[in-house]
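Keep in mind it's a predicted model, so treat the numbers as computed, not measured. Quick note: residue numbers are just sequence positions, from 1.
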Amino acid sequence: MVLWVFGYGSLLWKAGFDYEERVVGFIKGYRRVFHQGVTDHRGTREYPGRTVTLERHEGEVTWGAAYRVSGKDEEQLVLSYLEMREFEYDERAFVDFYTEDPPCTQAISVLVYIGSSNKSKNQYYLGPAPLEDMASQIAKAVGPAGPNYEYLFRLEESLYQIGCVDEHIIELAEEVRKHLGHDVLLGGLLL
């Protein structure tokens, strides 16, 4: 048995599980948005942070990485880990994953965790907000894993490393930097 898991947020820089292969590519029909609340890592119940989720959007592609895990025991271990890590995401789906190099003629089915916009099923869904409001929230939120802006800046850096230009992430990161009022060092890089 083989399981592929798609990472489009923090899984890009911290999978947290053993895998046999990591492949950069994209899924179609979704876009990455900062609409999911987080109360356990980069925020609190009193002041939630924001993380990315996927939103269906015709014609869009979301770049990320697919991780291959083989063997029944290994798959179960990874699934158990992800159920605990991604508990704030209420949907699990299998979607088609594509690569460009070499061009993928046949899609790979990947598991993806999605925080839906259905507030009766997803208590962590914050929804859209004006860019400045999201930036202010991300600049101020802090949780046990650190400041929320660190999540955004790591995502921006990880996308850059795989050759992805995500205008929404770039624009939001620039706005957060304005709210912070100073340059931020992350991993030795001035952001």
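Here the shortest heavy-atom pairing between Ser158 and Leu12 reads CB-CB, 3.9 Å. Contact between Gly43 and Pro144 at its shortest, heavy atoms only, is O-CD, 4.0 Å. Nearest heavy-atom pair across Asp166 and Arg32 is OD2-NE, 3.0 Å. The two residues Ala145 and Arg42 have their closest heavy-atom pair at O-NH1, 3.2 Å. Considering every non-hydrogen atom in both His179 and Ser136, the closest pair reads CE1-CB, 3.6 Å. For the residue pair Glu20 and Ser70, the shortest heavy atom distance occurs at OE1-OG, 2.6 Å.
A salt bridge links Arg92 with Glu83: the distance from a Lys NZ or Arg NE/NH1/NH2 to an Asp or Glu carboxylate oxygen falls below 4.0 Å.
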**Asked** Taking it one step at a time, do Ile114 and Thr53 satisfy side-chain contact (heavy atoms from CB on, under 4.5 Å)?
**Response** CA-CA 6 Å; Ile114 301 171; Thr53 187; 3.7 Å; yes
**Message:** Applying ring pair (Phe, Tyr, Trp, His ring centres under 6.0 Å) to Tyr124 and Phe87, what does each step give before you reach the verdict?
**Reply:** CA-CA 10 Å; Tyr124 301 100; Phe87 76 92; 5.8 Å; yes
**Asked** Taking it one step at a time, do Ile27 and Asp96 satisfy side-chain contact (heavy atoms from CB on, under 4.5 Å)?
**Response** CA-CA 6 Å; Ile27 61 173; Asp96 290 338; over 6 Å; no
**Request:** Evaluate the side-chain contact (heavy atoms from CB on, under 4.5 Å) criterion for residues Val165 and Tyr160: first the C-alpha distance (whole Å), next the side-chain angles of each, then the deciding distance (0.1 Å), finally the verdict.
**Result:** CA-CA 7 Å; Val165 176; Tyr160 176 77; over 6 Å; no
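The cluster map of Ile, Leu, Val, Met, Phe, Trp and Tyr, joined by side-chain heavy atoms under 4.5 Å apart, puts Phe34 and Tyr47 in different clusters. Hydrophobic clustering (side-chain heavy atoms under 4.5 Å, transitive across Ile, Leu, Val, Met, Phe, Trp, Tyr) groups Leu54 together with Ile162. Each of Ile170 and Phe26 belongs to its own hydrophobic cluster when Ile, Leu, Val, Met, Phe, Trp and Tyr are linked at side-chain heavy-atom distances under 4.5 angstrom. A continuous path of ILVMFWY side-chain contacts below 4.5 Å connects Val5 to Val52, so both sit in one hydrophobic cluster. Cluster annotation: Val69 is connected to Leu11 through the hydrophobic network of ILVMFWY side chains, with a link wherever side-chain heavy atoms come within less than 4.5 Å.
Side-chain contact between Pro48 and Gln137: present, with at least one pair of heavy atoms (C-beta onward) separated by less than 4.5 Å. A 4.5 Å side-chain heavy-atom check between Tyr151 and Ser10 finds at least one atom pair inside the cut-off. For the pair Trp4/Val2, a side-chain contact is recorded, criterion being any heavy-atom separation below 4.5 Å from C-beta on. The shortest distance between side-chain heavy atoms of Val112 and Tyr8 falls below 4.5 Å. Contact annotation: the side chain of Glu88 approaches that of Val38 to within less than 4.5 Å [non-hydrogen atoms, C-beta and beyond]. By the 4.5 Å heavy-atom criterion applied to side chains, Leu155 and Ile169 are counted as neighbours. Contact of the Val78 side chain with the Tyr67 side chain is not registered, since no non-hydrogen atoms from C-beta on lie closer than 4.5 Å. Put simply, the side chain of Leu126 does not reach to within 4.5 Å of the side chain of His35, judged on heavy atoms.
Atom CD of Glu157 sits about 11.5 Å away from atom CG of Leu152, to the nearest 0.5 Å. To the nearest 0.5 Å, the span separating CG on Leu79 from CE on Met84 amounts to 12.5 Å. In this structure, Thr62 OG1 and Glu60 CD are separated by 7.0 Å, a value rounded to the nearest 0.5 Å. In this structure, the separation between CG on Leu111 and CG on Leu3 is 6.0 Å, given to the nearest 0.5 Å. In this structure, OH on Tyr30 lies 13.5 Å from NE2 on His57, to the nearest 0.5 angstrom. Interatomic distance, CG of Asp133 versus CD of Glu175, reported as 10.0 Å (0.5 Å rounding).
Residues Ser120 and Asn118 bring a donor and an acceptor atom of their side chains to less than 3.5 Å of each other. When only modelled atom types and interatomic distance are considered, Thr51 and Tyr89 share a side-chain donor-acceptor pair under 3.5 Å. Residues Asn122 and Gln36 have side chains that bring a donor and an acceptor to within less than 3.5 angstrom of each other. Donor-acceptor pairing under 3.5 Å is lacking for the side chains of Tyr19 and Arg68.
Atom CG of Asp18 sits in a sparse spot, with 12 or fewer heavy atoms from other residues, nucleotides or ligands closer than 6.0 Å. Counting non-hydrogen atoms of other residues, nucleotides and ligands closer than 6.0 Å to CD of Glu132 gives a total of 12 or fewer.
Cation-pi geometry between Arg177 and Tyr149 is not met at under 6.0 angstrom from the ring centre and within 45 degrees of the axis. The side-chain tip of Lys28 points at the ring of Tyr98 from less than 6.0 angstrom away and within 45° of straight on.
For Tyr113 and Phe6, the distance between ring centers is not under 6.0 angstrom.
Using a distance-only test at 3.5 Å, with no hydrogens or angles considered, a donor-acceptor pair links the side chain of Arg85 to the main chain of Ala15.
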